[in-house]
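This one's a predicted model, so the numbers in the text were calculated from it and none came from an experiment.
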Amino acid sequence: MEVYKFGGASVKDAEGVKNLVRVLENNKDKNKLIVVSAMGKTTNALEVVVNDYLNGLQSPESLSEVKLFHRNILDGLFHHDQEPVYFKVGQLFTELENFLQHNKSNKYDFVYDQIVSFGELISTTIVSDYLNTRNITNNWLDARDFIKTDSTYRDAQVNWTRTQEKILDLLDPGKLNITQGFIGSDSNNFTTTLGREGSDYSAAIFAYCLNAESVTIWKDVPGVLNADPRYFEKAQLLNKISYEEAIELAFYGASVIHPKTLQPLQRKEIPLFVRSFMDPIPMGTAVSKVDGIDPAIPCFIVKKNQVLISLSSLDFSFMVEENISEIFRLFHQYQMKVDLIQNSAISFRVCVDNKFNQLEKLIQHLKARFKVNYKTGVSLYTIRHFSEQAITELEKDKVVLLKQLTQNTVQMVTEN
């Protein structure tokens, strides 16, 4: 069995869904499990619904916009609104509206997962029914019945034992199956999500449990590039990448592959292909058990809107194990992802990702024990397999606040 994952950009409109069918028709020699994300920018749109709801709007206008977006896609795929898929999608929106009316929790992370997850449920319902109209019989699966997690909403951790049991017991690998990325459920059957871009991870979870032959991620780029073309000119395609190198790139923030995706694939040596849904013939990038990268060129990564925090002890004592362990305890408590560390005898500097918006609480807590300075809106640049020329070009016209070199990697924090 092969696992295919289609991201939101690949199904952003009716033409995208039709193109998904063409991709499947060009690659129909093996049984497949298809993992599909929410359509287009639906996740972002549903995040607006979350914020409106928590600000007191039980029937937010932003939800009407989500409905209209999906209605337009339905109308572009099906002949008339009496077809069953319209009712199925309507039922999902009714279920969402019932949650908005009857939910008693005001905890953002919990509410977020219950609302945003409908993006994937709706997209897969539409894709599944459209495939049936094209005589591509498929089995729609609710990923929440298979991927079991803890209750860390918005960043759930997979219970691998229960997940594997569910997948082996309930999934028929002899059929074409379609399911959602990004979502799972906890022991109370509340919906959880695996973190933004978690659909790639979902594909890897299913592949691992099914001993899949391969995973293919279909994207709007020709494969894994050595740089994000939005920020760097002349980005080049990487033909082959080792698991280790891909994990390093993901750790530093490469956006094509989710950081969690590669670990289960590496354990079973399941190859990962990143290919273009706009040009599905080329093989794109293969991530597998090889050495390094091909071609051997510098790889550039940028993470925007980071926070640079500088700490020192109030009494000029050394920043030793006791102080540093307290700092990391607080980072964990406030869900800060640490991307870069630099310390000296009396100071400690760290670049973090404030993705859960708890910076102010963290800073107030840190000020009780340390002298604190921080700067928001900074950029963290990473170059893997750097050259002096690459560093010089990257530093041009930038104000460098912090710079750190290791054998294969240079990182720098800049103001812009």
Side-chain angles (χ1 to χ4, degrees), residues 7-10 12 16 19 40-41 44 196-197 200 216-242 244-259 261-262 272-287 290 292-308 337 339-340 351 353 355 375-416:
S10 67
K12 66 181 179 180
N19 184 65
K41 300 295 183 181
N44 293 342
R196 289 300 301 265
E197 308 302 327
D200 292 357
T216 300
I217 298 174
W218 295 93
K219 299 185 72 72
D220 56 356
V221 291
V224 178
L225 306 178
N226 76 319
D228 188 331
R230 294 176 299 176
Y231 304 112
F232 300 92
E233 297 179 355
K234 300 178 181 178
Q236 295 180 244
L237 177 68
L238 301 175
N239 300 314
K240 298 178 182 178
I241 312 176
S242 68
E244 292 80 3
E245 186 62 38
I247 288 172
E248 290 281 0
L249 292 172
F251 173 80
Y252 288 116
S255 60
V256 174
I257 304 174
H258 190 279
T261 299
L262 295 157
L272 168 70
F273 298 95
V274 181
R275 299 171 65 182
S276 170
F277 60 77
M278 296 183 291
D279 184 11
I281 302 302
M283 291 305 297
T285 301
V287 181
V290 295
I293 59 173
D294 175 31
I297 54 177
C299 296
F300 300 84
I301 302 161
V302 60
K303 298 184 74 173
K304 299 286 188 177
N305 297 315
Q306 304 295 289
V307 183
L308 181 63
K337 183 181 184 302
D339 292 318
L340 178 61
C351 186
D353 188 345
K355 72 174 184 175
K375 189 175 185 64
T376 60
V378 302
S379 298
L380 173 63
Y381 289 90
T382 303
I383 312 177
R384 285 282 294 169
H385 310 292
F386 63 88
S387 65
E388 289 301 324
Q389 180 182 354
I391 295 174
T392 300
E393 291 179 357
L394 186 58
E395 288 181 334
K396 186 178 180 180
D397 300 325
K398 292 183 176 64
V399 177
V400 179
L401 304 173
L402 186 154
K403 182 176 177 180
Q404 187 165 276
L405 284 81
T406 59
Q407 183 177 2
N408 293 315
T409 306
V410 60
Q411 291 187 282
M412 60 184 77
V413 179
T414 72
E415 286 189 346
N416 53 352

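- Under the 4.5 Å side-chain criterion, counting only non-hydrogen atoms from C-beta, Leu340 is in contact with Leu402.
- Judged by distance alone, the side chain of Thr261 and the main-chain N or O of Ile257 form no donor-acceptor pair under 3.5 Å.
- In this structure the side chain of Trp218 never reaches within 4.5 angstrom of the side chain of Ser276, judged on heavy atoms.
- Note on Asp228 versus Arg230: salt bridge recorded, some NZ/NE/NH1/NH2 to OD/OE distance being below 4.0 Å.
- A cation-pi arrangement, defined by a distance under 6.0 Å to the six-membered ring centre and an angle within 45 degrees of its axis, is absent between Lys303 and Tyr252.
- Side-chain contact between Gln236 and Leu238 is absent, with no heavy atoms from C-beta onward closer than 4.5 Å.
- Remark: Leu401 CG to Leu308 CG distance equals 6.0 Å, nearest 0.5 Å.
- When side chains are defined from C-beta on, Asn239 does not count as touching Thr285, because their heavy atoms never get closer than 4.5 Å.
- For the atom pair CD1 of Ile391 and CG of Leu405, the computed distance is 5.0 Å after rounding to the nearest 0.5 Å.
- No side-chain donor-acceptor contact under 3.5 Å links Arg275 to the backbone of Gly223.
- For the atom pair Phe277 CZ and Asp220 CG, the distance stands at 5.0 Å (nearest 0.5 Å).
- In this structure the side chain of Glu395 reaches within 4.5 angstrom of the side chain of Lys403, judged on heavy atoms.
- Counting heavy atoms from C-beta outward, Val307 and Lys375 have side chains that stay 4.5 Å or more apart.
- With no hydrogens or angles considered, a side-chain donor-acceptor pair links Arg384 and Thr409 at under 3.5 Å.
- Rounded to the nearest 0.5 angstrom, Gln404 CD and Cys351 SG are separated by 11.0 Å.
- A cation-pi arrangement is found for Lys337 relative to Phe251, the charged atom lying closer than 6.0 Å to the ring centre and inside a 45° cone about the ring normal.
- Under the 3.5 Å distance criterion, the side-chain polar atoms of Ser379 are left unmatched by any main-chain donor or acceptor of Thr414.
- Contact annotation: the side chain of Cys299 approaches that of Leu249 to within less than 4.5 Å [non-hydrogen atoms, C-beta and beyond].
- Atom CG of Leu380 sits about 12.0 Å away from atom CG of Asn305, to the nearest 0.5 Å.
- Between Asp339 and Gln306 the shortest side-chain heavy-atom distance falls below 4.5 Å.
- Between Phe300 and Phe232, the ring-plane angle classifies as tilted under the 30° and 60° cut-offs.
- Of the candidates Leu262, Ile293, Val290, Asn408, Ile293 is the only one forming a side chain to side chain contact (heavy atoms under 4.5 Å, CB included) with Glu245.
- Side-chain atoms of Lys398 come within 3.5 Å of backbone N or O of Leu394 as a donor-acceptor pair.
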